[in-house]
Amino acid sequence: MHTDGRPELPKTYEPSEVEPRRYAESLARGVFHEDPDPARPAFIISMPPPNITGRAHLGHGSTYTPMDILTRYHRMLGENADWLPGQDHAAIATETVLVRELAKEGLTRNSLGREAYLERAWQWRDQYGDTIDSQFQMLGFGPDWDRKRFTMDPPLSAAVIRVFVRLYREGLIYRGTRLVNWDIKAQSTLSDAEVEYEERNAKIWEIRYETEDASGSIVVATTRPETMLGDTAIAVHPSDARYSSLIGKNVILPLVNRSIPVIADASVLSDFGTGAVKVTPGHDPSDYEIGQRHNLPMPSVIALDGTMSGDVGRYEGMDRLDARKAIVEDLRSSGALVSEKDYLQKVSISSRSGEVIEPLLSLQWFCKMESLAKPAVEAYRKGKIRFVPERFGRTYENGFENLRDWNISRQIWWGHQLPVWYTPNDEVVVAESEDEALAIAERDFKTRELRRDPDTLDTWFSSGLWPFSILGWPDETAEMAHWYPNQVMITGRDIIFLWIARMVMLGLHFADDIPFRTVFVAPLVFDKHGRKMSKSLGNSIDPLDLIKEYGADATRFGIIKQMRLESQELRFDERACDDARRFNTKLWNALRFICSLEEGLPTASRLPKNDELTVADKWILTRLRETVIKITEAFDRFEFGTAADELLDFGWFTFCDWYLEASKAPGERATRASVLSYVFNAFVRLMHPIAPFITEEIWQQLPHDGATIVTASWPDPLQDLAYYDGAGGSFEAARTDFEAFIVSAGTIRNVKAEMGMGPKDRLTLDVPPGLPDWVAEQFAVHAKAELVVDAARVAGPTLAEKLATITAQAPTGLLRERYTREIAKLQSEVERGEKKLANESFIAKAALDVVEKEREKLAGYGRDLARVRDELAKLG
RNA sequence: GGGCGCGUAGCUCAGGGGGAGAGCGCUACAUUGACACUGUAGAGGUCAUAGGUUCGAAACCUAUCGUGCCCACCA
C-alpha cells in the first residue's frame with residue numbers, strides 16, 4: 001500500500017479509540033464555546049435541562065441529538081451558534097431520591113433538620129448530579145459547557161425570586177385555600193399538569209339516602225364511598241323531572257346520620273348513573289366547584305397522610321382505603337348499599353410518585369393564569385411562534401382552555417424556598433431578601449418577628465424562566481441582547497403545555513418577547529413493536545450499550561435515520577444503528593483506498609479545471625451538488641431522517657459503489673485523487689452534524705482547510721460547486737450517460753452470472769467500437785467478462801443503442817430465456833401505455849405534459865422491444 | 001366525550017394523483033487496488049376494508065375496522 005509518508009491507516013475503524021480522543025480535542029480547542037457576536041446571525045438553542053437525578057436514555061437521542069446537529073450545522077454556516085446546557089434541580093424527583101437515601105441510614109428529613117438536609121442534598125448533587133453530562137459527552141453532544149447553568153445557581157435563584165416578588169406585587173400570585181392535588185407519598189401538592197390519568201379496574205357502589213321526612217329516597221353512585229363522610233349535599237340536574245320534587249328537601253347521610261340538602265346544579269349529567277351525585281366539596285374537584293356555587297360547607301375528612309380525620313366518627317385514623325372497605329360493609333349491613341359493580345375507572349395518578357392523587361383543601365400559593373395566558377395564545381395565533389410539525393400548535397393552544405390557577409407551592413425542601421414571611425399575626429410579607437422583608441414588616445406591621453414560609457416552588461416555576469435566566473436576566477447582558485429570543489426549542493410532545501407554555505407566558509411577561517421562534521417537537525421513543533420502553537417490560541435500551549456496540553456516531557445516525565417529521569413516535573429498531581456502523585466501516589475503507597492511491601493526495605482540497613474532468617467526475621459533482629442542496633433543506637426543515645437517507649444514498653451507493661469503483665479504471669487519471677478527495681471532503685462535512693467523530697477523523701486525513709471539521713464551512717452549492725453552472729451543458733449529458741452505464745454494468749455482471757461463467761472464465765470480447773473512452777474503460781474494469789448482451793432494459797437512447805449492438809458468445813439457450821423474459825416484461829409495459837393512450841378521456845383531460853411523457857415512454861418501450869426481438873431472432 | 005398519529009414486502013419504515021420503494025432477512029452469482037465482508041441481481045406486496053371524487057387513487061374525501069397517544073370535573 002502506498003502511504004505517501006503517512007502512517008498506514010488501521011484496517012478497521014475503531015470508534016472506542018477515536019471518539020473520546022476527538023471529543024477531548026474539541027474541548028481543548030474550545031470549539032463549542034461562543035460569545036455573543038452581533039455581527040453574525042445568532043443561532044441559539046437552550047438545552048432542556050435534564051434532571052440531576054437523570055440518566056441518558058434513548059429519548060435523549062431523539063430530542064437532544066437534533067439540537068447537537070442543528071448547532072453544529074449552523075456553526076458550519078458561520079453563524080453565532082451556541083447550545084446552552086444546564087441542569088434542573090428537579091424538586092420532587094430529587095427529594096424522592098434523597099429521602100430514600102436517608103432512609104437507608106435510618107434518617108428522615110425531619111430528624112435531620114432543614115439545614116443539614118439541604119447540605120446533604122447539595123453533596124448528593126455534587127457527587128452524582130453530573131452523571132448525565134458525561135453520558136452526553138459520550139454521545140458526542142457539544143453544547144457550550146462553559147455556559148452550563150443549574151436552576152439553583154445563585155443568579156438563577158435570584159431570577160426566580162425576582163419573578164415571584166414581581167408577580168405577587170402585580171397581584172398575579174396569591175395565597176389561598178383551594179382544592180389541590182395531594183400526593184400522599186411525596187407529601188406535597190402537585191400542579192394539575194403533574195397529574196396523569198390511568199384506567200384501572202375498580203368498583204362502583206350505589207348508595208341510598210333517605211329523605212329527612214321519610215317521604216322518599218335518592219340513590220347516588222360513587223367510586224370513593226369513604227368521601228361520603230364529607231358530603232354536604234346531593235346534586236341533581238335542575239330539569240331532571242325524576243328529582244324535581246326532592247330539590248330543596250334534606251336527606252340523611254347514612255352511617256353518620258347528618259342531614260344534607262338536595263340541590264340543583266347544571267353540571268350534573270342526568271343520563272349518567274342515577275342522575276344524582278353526592279357532593280364532597282372537600283375532596284373532589286367538580287364537587288368543589290358545586291360547593292362554591294352553592295356556598296356549601298367544605299369539611300375535610302382525609303388528612304395529609306391519607307388517613308380519615310375530622311368529623312368521621314369511628315373511622316378516625318383509618319387509612320382511606322381501609323375506611324372504604326369498612327364503610328362499604330357498614331352500608332351493606334345497614335341496608336343503604338344498593339349495588340356493587342365492577343367499573344373501569346379513570347384514576348388520577350401522581351406523575352412524580354405514581355401514587356393515587358387525593359384532592360383536598362389546603363392553604364397554598366397560586367399563580368393566576370388568565371392574564372399570562374392571553375398573550376401566550378396570541379403570540380401563537382399571530383404566528384410569532386411556529387410549531388414543527390404544525391399540528392402541535394393546536395396541542396399548545398388547547399392547553400390554555402379550562403386552565404385553573406397554577407398551584408406553585410410544594411411542601412418539600414429541595415428547591416427555591418418561597419420569598420415569603422409571616423408576622424405573628426399571620427400577615428404576609430413578600431420580599432426579595434430577608435432584610436427587605438424585615439424592613440417591610442417593620443414599616444407595615446410594626447414587627448421584626450418573622451417566620452419564613454417553609455415551602456418551595458414548583459420545579460416548573462424555575463424552568464419556565466430557563467431561556468432567559470440562563471442568559472443572565474434580569475441583568476441587561478450581551479447574551480440577552482443578541483441571543484434572546486432563541487431560534488429553536490426542541491422537546492417531546494408530552495411537555496408542550498407543562499413546559500413550553502410556561503416559558504412563553506413568563507418570557508412574554510418578563511423578558512418582553514417570546515422565548516424562541518420555533519418549537520420542534522421530536523418523536524417519543526418506543527420499542528420496535530410500539531411499546532413504551534420500560535425496565536419492567538425488559539425492552540428499554542441504554543444508549544451507552546449502543547455506543548459500546550456501534551459507536552456514538554452510528555448510534556446517533558441510527559436514531560436520526562428513524563425520525564420522520566410527521567410521525568409522533570419513533571419505534572426504535574437497533575438494526576438502523578448496525579446499518580450505520582457498516583456505513584462507517586465503508587466510509588473508513590473508502591478513505592483507506594483514497595489514501596493509498598499511487599499518485600498520492602494533493603496538498604490542497606481543490607478541483608481541477610472543468611476540461612480536466614472526466615464524465616464520471618462531472619457526474620459525481622452534479623450528484624454532490626444535489627446532495628448538498630437536499631441535506632441543507634432537510635436540516636432547515638427538521639427532516640433529519642431524510643438527511644440521513646440522503647447521506648447514506650450518496651456516501652455508500654453513489655460515491656463508494658459507483659464513483660469510487662469507476663475511478664479504478666486504468667488510464668490517464670491525473671486528476672483522480674483531487675476529485676476523489678474533494679468530493680469526499682465535502683461529503684464528510686455534510687455528515688459531520690450527525691456523526692461528528694468519524695467525519696473529523698476522515699477529514700483530517702484528506703486535504704482540508706482549517707484546524708477541525710467542527711469549524712469547517714458548510715459546502716455551498718453555489719460557490720464551492722460552481723463548476724456545475726459553468727460547464728456549458730456537458731454535465732447533464734455526462735450524467736445521463738453515466739447513469740445509463742450504471743444500469744448496464746449491473747446487467748452485464750448479472751448476465752455473465754446467468755451464463756454460468758465462473759471467476760476463471762475470462763471471455764474476452766472486443767470492446768465495441770464507437771463507445772466513449774470512459775465507457776470502454778468501465779467495461780474493462782467492471783464486467784471483466786467484457787460481455788454485453790442485455791442493454792434492452794436501458795431506456796436512454798445513446799448508450800443503450802450502442803450496447804444493444806454488441807453480440808455475445810453465450811449459450812443461446814440462456815440468452816433466449818433471458819430475452820423471452822425481457823420481451824414479456826416490455827410487452828406488458830407497451831400494452832399498458834397503448835391502452836392508456838387509446839383512452840380518449842385521458843387524452844382530452846390529462847395534462848399535456850403527462851400525455852407527452854406517456855407517449856415518450858411508450859415509444860421507448862417499443863424501441864427496446866423491437867431491439868430485443870431482433871436479438872432473439874439473431875439467435876436463430 | 002373531543003383531538004391527533006399510524007396501518008405499504010417476513011421485520012423496521014420511506015414515498016405520495018399517471019410505471020409499487022429502501023435497509024435488514026431470504027435466494028443466486030461474483031468478489032485480492034479500500035470494505036471483520038463487499039458487490040450485482042432475484043424472489044417476495046389485491047399499499048387495512050368499503051364506498052366516493054377523478055380520464056386515472058396506494059396517495060384526495062367519507063365511513064368502518066385495527067392500533068397507539070393527548071386532552072376533558074361522568075360521580
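Protein chains get the first letters and strands the later ones, always in sequence-line order, with residue 1 at the start of each. Below, all heavy atoms of this structure are taken into account, side chains as well, without hydrogens, waters or symmetry copies.
- Comparing the same atom, P, in B:rC24 and in B:rA41 gives a spacing of 14 Å after rounding to whole Å.
- Heavy-atom minimum distance, A:Ala264 versus A:His294: O-CE1, 3.1 Å.
- Taking every side-chain heavy atom of A:Asn839 into account, B:rC55 is the closest of B:rA34, B:rG33, B:rC55.
- Cation-pi geometry between A:Lys836 and A:Phe842 is satisfied (NZ or CZ under 6.0 Å from the ring centre, within 45° of the ring normal).
- Nucleotides B:rU54 and B:rC60, compared at atom C1', are 10 Å apart to the nearest Å.
- Judged purely by atom type and a 3.5 angstrom limit, A:Thr280 has no side-chain atom pairing as donor or acceptor with the backbone of A:Gly282.
- Comparing B:rG68, B:rG39, B:rC37 against the side chain of A:Glu569 picks out B:rG68 as the nearest.
- Nucleic acid contact for A:Asn398: none, since no nucleic acid atom lies under 4.0 Å from a heavy atom of the residue.
- A salt bridge does not link A:Glu397 to A:Arg394: none of the charged nitrogens lies less than 4.0 Å from a carboxylate oxygen.
- Taking atom P on both B:rU12 and B:rA28, the two are 26 Å apart, rounded to the nearest angstrom.
- Taking the six-membered ring for Trp and thresholds of 30 and 60 degrees, A:Phe638 and A:Phe520 have nearly parallel ring planes, at less than 30 degrees apart.
- Using a 4.0 Å heavy-atom distance criterion, A:Arg582 is classed as a sugar-phosphate-only contact.
- Out of B:rU12, B:rA36, B:rA75, the shortest distance to the side chain of A:Thr12 is found at B:rA36.
- Backbone-only engagement by A:Lys11 is indicated by non-hydrogen atom pairs under 4.0 Å involving sugar-phosphate atoms exclusively.
- The side chain of A:Arg391 sits closest to B:rC4 out of B:rC4, B:rC55, B:rU38.
- By the 4.0 Å N-to-carboxylate-O rule, A:Lys857 lies close enough to A:Glu854 to be salt-bridged with it.
- Backbone-only contact: A:Tyr343 has heavy atoms under 4.0 Å from sugar-phosphate atoms and none from a base.
- Note on A:Lys853: nothing from the nucleic acid sits closer than 4.0 angstrom, heavy atoms only.
- You'll find a donor-acceptor pair under 3.5 Å spanning the side chain of A:Arg575 and the base of B:rC11, going by distance alone.
- Of the C1' atoms belonging to B:rC65 and B:rC11, the separation is 23 Å, rounded to the nearest Å.
- When each of B:rC35, B:rU12, B:rC73 is scored by its nearest atom to the side-chain atoms of A:Gln562, the top-ranked nucleotide is B:rU12.
- Within 4.0 Å (heavy atoms only), A:Glu854 reaches sugar-phosphate atoms of the nucleic acid but no base atom.
- Distance from the side chain of A:Thr223 is smallest to B:rA75 among B:rC55, B:rA75, B:rC69.
- By the 4.0 Å N-to-carboxylate-O rule, A:Asp287 lies too far from A:Lys278 to be salt-bridged with it.
- By the 30° and 60° cut-offs, the orientation of the rings of A:Phe683 relative to A:Phe583 is perpendicular.
- Judged by closest nucleotide on RNA chain B, A:Glu566 is the one of A:Tyr197 and A:Glu566 placed further toward the 5' end.
- As judged by a 4.0 angstrom heavy-atom cut-off over every strand, A:Asp573 is placed among residues touching the sugar-phosphate backbone only.
- A:Arg404 comes within contact range of no nucleotide atom at all, as no heavy-atom separation falls under 4.0 Å.
- Using a 4.0 Å cut-off, no side-chain N or O of A:Arg672 falls inside it from OP1 or OP2 of B:rG33.
- Comparing A:Lys586 and A:Ile843 against RNA chain B, the residue whose closest nucleotide sits nearer the 5' end is A:Lys586.
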Toss me the dot-bracket line for RNA chain B: Watson-Crick and G-U wobble, both under 3.5 Å, 5' to 3', using | for pairs to another strand and [ ] for crossers. (((((((..((((....[..)))).(((((.......))))).....(((((..]....))))))))))))....
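- Looking at A:Arg571, its side chain has no donor and acceptor atom pair within 3.5 Å of the base of B:rG5.
- Taking atom C1' on both nucleotides, B:rG5 is separated from B:rG45 by 24 Å, rounded to a whole Å.
- Using a 4.0 Å heavy-atom cutoff across all strands shown, A:Leu591 reaches no nucleic acid atom at all.
- Distances shorter than 4.0 Å separate none of the side-chain N or O atoms of A:Trp205 from OP1 or OP2 on B:rA75.
- Using cut-offs of 30° and 60° for the angle between ring planes, the A:Phe655 and A:Phe650 rings count as parallel.
- Across B:rG18, B:rA34, B:rA75, the shortest atom-to-atom separation from the side chain of A:Lys836 is found for B:rG18.
- With C1' as the reference atom, B:rA20 and B:rU46 are 12 Å apart, rounded to whole Å.
- Of the listed nucleotides (B:rA72, B:rC24, B:rG18), B:rC24 has the atom at the smallest distance from the side chain of A:Asp579.
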